[in-house]
There are 2 protein chains.
Amino acid sequence: MLEWLKEPELNFPDQITAGFEHGVCVGQIQAKAGLTQSTVSEYLSILQRAGFIESTRVGQWTYYKRNESAFEALSKLIESNL
Amino acid sequence: MLEWLKEPELNFPDQITAGFEHGVCVGQIQAKAGLTQSTVSEYLSILQRAGFIESTRVGQWTYYKRNESAFEALSKLIESNL
DNA sequence: TTTACATATCGGGAAAAGTCGATATATTTG
DNA sequence: CAAATATATCGACTTTTCCCGATATGTAAA
């Protein structure tokens with residue numbers, strides 16, 4: 001999922017909202033993942049709590065997009081601390 | 001454990017072998033970890049299979065030391081691919 | 001070559017993570 | 001407000017991971 005969210009336009013061409021500035025909505029990710037709605041929703045909320053993605057609620061949809069700084073931070077942490 | 005192995009001299013002052021060029025032996029790590037011998041042994045072998053540490057058998061002892069290049073590779077992987 | 005010591009492997013029980021269906025909540029539409 | 005849609009949460013079950021004791025293997029010392 002995290003890799004998919006790197007290029008939303010490519011990986012979620014079916015999303016019909018105006019642009020991807022807020023990322024991709026849960027339903028799209030669910031369809032592509034082939035897991036149930038509840039599983040995907042929980043998974044996304046875990047990723048969010050961990051700081052790897054951010055969510056934006058727009059109407060009835062929740063959009064998720066990557067938080068690149070978290071990945072950079074993790075990369076640096078592994079490089080230096082670990 | 002991986003952090004401990006960054007500075008063997010500091011973290012394993014009890015090791016009485018001549019130097020740390022091959023790393024630290026299982027018993028030392030076990031004592032510090034507070035886990036059983038079998039658990040630590042298995043854990044170290046997993047880390048080795050994953051490439052994060054290397055082992056050297058010297059007599060009845062097995063020494064483990066970090067493989068820094070694996071950490072760099074992981075760091076770069078997270079930075080670029082993920 | 002028997003005994004002692006260090007480490008590795010094996011089998012199993014406990015804990016955690018993954019996944020689901022059912023249901024709750026929130027939002028939009030009629 | 002009622003129905004429809006999207007997402008979130010809950011409880012239960014399954015799978016995986018963690019960790020242990022027992023035992024095997026490999027090496028050194030007596």
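In what follows, chains carry the letters A, B, and so on, assigned in the order in which the sequence lines appear, proteins first and then strands, with residues in each chain numbered from 1.
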Polar side-chain atom of A:Gln15 near backbone of A:Cys25 as donor-acceptor pair, under 3.5 Å: yes
Please list, chain by chain and in numerical order, all residues satisfying side chain to side chain contact (heavy atoms under 4.5 Å, CB included) with A:Ala31, sequence neighbours excluded. none
Mind checking side chain to side chain contact (heavy atoms under 4.5 Å, CB included) for A:Gln30 and listing every partner two or more places apart, or none if nothing turns up? A:Gln37, A:Val40
Does any pair with a residue in residues 44-59 of chain A pass side chain to side chain donor-acceptor pair (under 3.5 Å), and if so which ones, sequence neighbours excluded? A:Ser45-A:Arg49, A:Gln48-A:Ser55
Just how far, in rounded Å, is [atom2] of [N] from [atom1] of [X]?
| X | N | atom1 | atom2 | value |
| --- | --- | --- | --- | --- |
| B:Gln15 | C:dA6 | CD | P | 12 Å |
| A:Leu35 | C:dA17 | CG | P | 18 Å |
| B:Asp14 | C:dA6 | CG | C1' | 17 Å |
| B:Gln30 | C:dT7 | CD | P | 9 Å |
| B:Ile53 | C:dA8 | CD1 | C1' | 14 Å |

Where do [X] and [Y] come nearest, in terms of heavy atoms and distance?
| X | Y | value |
| --- | --- | --- |
| A:Phe12 | A:Phe20 | O-CZ, 3.6 Å |
| B:Ala70 | B:Gly51 | CB-O, 3.3 Å |
| A:His22 | A:Val58 | CD2-CG2, 4.0 Å |

Expected string for nucleotides 25-30 of chain C under the B/S/- scheme (protein heavy atoms, under 4.0 Å, primed atoms plus P, OP1, OP2 as sugar-phosphate) is --BS--
Distance under 4.0 Å to a non-hydrogen atom of chain B counts as contact; along DNA chain D, which nucleotides mark the start and end? D:dC19 to D:dA28
Sort and list the pairs that fulfil salt bridge (charged side-chain N to carboxylate O under 4.0 Å, His left out) and have at least one residue in residues 67-80 of chain A, not counting sequence neighbours. A:Arg66-A:Glu68, A:Glu72-A:Lys76
Can you run down the salt bridge (charged side-chain N to carboxylate O under 4.0 Å, His left out) pairs that involve residues 2-11 of chain A, sequence neighbours left out, and say none if there aren't any? none
Mind grabbing the angle between the end helix axes of the helix from C:dT1-D:dA30 to C:dG30-D:dC1? Five pairs an end, 10° rounding. 20°
Would you indicate whether the side-chain heavy atoms of B:Tyr64 and B:Leu47 approach each other to under 4.5 Å? no
Quick one: which residue pairs count as a ring pair (Phe, Tyr, Trp, His ring centres under 6.0 Å) with a foot in residues 24-44 of chain A, not counting sequence neighbours? none
Set of residues satisfying side chain to side chain donor-acceptor pair (under 3.5 Å) with respect to B:Ser38, sequence neighbours excluded: B:Thr36
With sequence neighbours excluded, tell me which residues meet side chain to side chain donor-acceptor pair (under 3.5 Å) with B:Ser41. none
Expected output is a numbered-order residue list: members of residues 36-46 of chain A with a heavy atom under 4.0 Å from any atom of DNA chain D. What is it? A:Gln37, A:Ser38, A:Ser41
Looking at every strand, decide which applies to B:Tyr63 at a 4.0 Å heavy-atom threshold: base, sugar-phosphate, or nothing. nothing
